[in-house]
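As the structure lists them, so they are numbered: ligands from 1, and atoms in each ligand from 1. In this chain, numbering begins with 1 at the start of the sequence shown.
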Amino acid sequence: MDNLLSNDKFHQTVPKQFILPPKMREPGQVNCTMSLPVIDLRGGSHFHVEDRDQIIEEILHAGKEFGFFQVINHGVSEQLMRDMIRLTEEFFNMSKEDKAAYYSEDTSKTSCLFSSSFLAKKDGPRYWRDCLRLAYYPGPATINDWPDKPAKLREVFAKFIVEAREVSMTLLSLISEGLGLKEGYFEGDLSSGQVIINANYYPPCPAPDLTLGLHPHCDIYLITLLLQGAVSGLEVMHQGKWVRVDPIQNALVINFGHQLEIITNGVMKSVEHRAVTNSGAARTSVAMFIAPDKESFISPAKEIVNEENPPLYKSFVFKDFSRIYIELSAKRVDVMEAFKING
Ligand code: OGA
Ligand code: NI
């Protein structure tokens with residue numbers, strides 16, 4: 001049977017398997033004075049042409065320096081964002097019996113509900129998170145596989161994916177223009193894989209210092225868009241310290257996955273991040289990932305590499321990267337080592 005954390009309203013103690021050895025909580029320091037760039041997208045894909053160069057510059061700067069930023073005025077409706085958080089909360093607050101019908105640890109399915117992380121080591125500690133993972137591909141065809149409760153979940157999640165995907169594709173097109181890649185570089189194969197949604201629920205934890213909601217990892221795909229509720233918990237690695245990403249109302253957090261870092265030959269950074277727990281309030285977040293087709297061929301863009309800037313990474317077929325990423329439990333140094341060209 002399932003082992004969802006959200007099945008218990010209150011956790012008085014932390015079961016032994018969730019306690020991380022101190023090494024896995026390092027570095028403990030949080031850099032409180034630092035905050036991520038906030039970029040005003042001036043209406044998303046409908047901004048004025050004269051604002052374009054300015055926005056491109058801000059995105060490139062944030063992508064090179066932090067690999068993470070927040071966007072406001074991005075075009076996703078505020079009502080829709082509120083509904084996403086509310087429905088995610090409603091989902092995890094359903095009865096144990098209702099949720100049991102959706103439980104599955106098979107992440108190749110278009111709908112699965114599990115606890116902890118499938119990227120965690122099998123014999124390692126568990127993470128203080130429940131996750132509903134949904135895939136949208138090819139298009140709406142997979143929606144009928146998603147939970148039919150709460151009643152509005154399918155409709156609202158599908159609508160969010162359409163709007164949020166548009167923001168992601170706009171960002172990718174600005175990046176491709178800013179880096180001098182050919183027009184439409186990220187359209188087609190590179191972004192036509194499944195759109196994946198992780199609806200995350202981190203219940204209050206009685207011992208936040210001993211646990212993590214999600215282990216440090218880089219996202220595997222091209223670009224990630226994260227919606228946070230009002231409770232903070234996301235931390236991003238910057239110059240050897242964790243930087244807390246405090247939620248800004250109606251903003252979306254954007255970060256780049258391994259594939260974008262490799263395609264841009266290391267110019268745009270894919271940065272490690274983690275989720276911490278807290279004892280006061282449940283935290284809800286929704287991550288959306290834009291993925292390449294699994295047969296897509298990935299390599300540093302030829303517009304970027306030349307004699308002075310030789311390719312730093314090998315070329316590969318995306319599904320082979322996925323396999324190795326999972327085998328290496330998403331540990332950044334190990335994953336990058338496997339795809340780096342040495343010397
Ligand atoms: C993820 C992720 C962070 C969060 O789902 O990949 O990094 O704040 N989530 O929930
Ligand atoms: Ni992530």
Participant: Contact between ligand 1 and His217 is defined here as a heavy atom of the residue under 4.0 Å from a ligand atom; is it met?
Facilitator: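 For ligand 1, residue contact (heavy atoms, under 4.0 Å) with His217 is present.
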Participant: Are Glu65 and Lys269 within salt-bridge range, i.e. N to O under 4.0 Å?
Facilitator: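 No.
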Participant: Have a look at Leu214, Leu119, Ile197 and point out the one with the heavy atom closest to atom 1 (C) of ligand 1.
Facilitator: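 Going through Leu214, Leu119, Ile197 one by one, Leu214 has the nearest heavy atom to atom 1 (C) of ligand 1.
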Participant: With a cut-off of 4.0 Å, which atoms of ligand 1 are near a heavy atom of Asn200?
Facilitator: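 Heavy-atom distances to Asn200 below 4.0 Å select 5 (O), 9 (N), 10 (O).
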Participant: Under 2.8 Å from the Ni ion (ligand 2), is there an N/O/S atom belonging to His217?
Facilitator: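 A backbone or side-chain N, O or S atom of His217 is under 2.8 Å from the Ni ion (ligand 2).
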Participant: Report the atom name of the nearest N/O/S atom of Asp219 relative to the Ni ion (ligand 2).
Facilitator: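 For Asp219, the N, O or S atom at the smallest distance from the Ni ion (ligand 2) is OD1.
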Participant: What is the ring orientation for His238 with Phe66, classed by angle as parallel under 30°, tilted 30 to 60°, or perpendicular over 60°?
Facilitator: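 His238 vs Phe66 ring planes: parallel.
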Participant: Is the shortest side-chain heavy-atom distance between Ser322 and Lys294 below 4.5 Å?
Facilitator: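 No - every pair of side-chain heavy atoms lies 4.5 Å or more apart.
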Participant: For Ser285, counting its heavy atoms only, list the atoms of ligand 1 lying under 4.0 Å from any of them.
Facilitator: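 Atoms satisfying the 4.0 Å criterion: 4 (C), 8 (O), 10 (O).
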Participant: Phe339 and Phe316: aromatic ring centres closer than 6.0 Å?
Facilitator: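 Between Phe339 and Phe316, the centre distance is under 6.0 Å.
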Participant: Is the contact between Asp219 and ligand 1 made by the side chain, the backbone, both, or neither, using heavy atoms and a 4.0 Å cut-off?
Facilitator: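 Side chain only.
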Participant: Have Asp145 and Ser111 got a donor and an acceptor in their side chains that come within less than 3.5 Å?
Facilitator: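 The criterion, which ignores hydrogens and geometry beyond distance, is not satisfied for Ser111 and Asp145.
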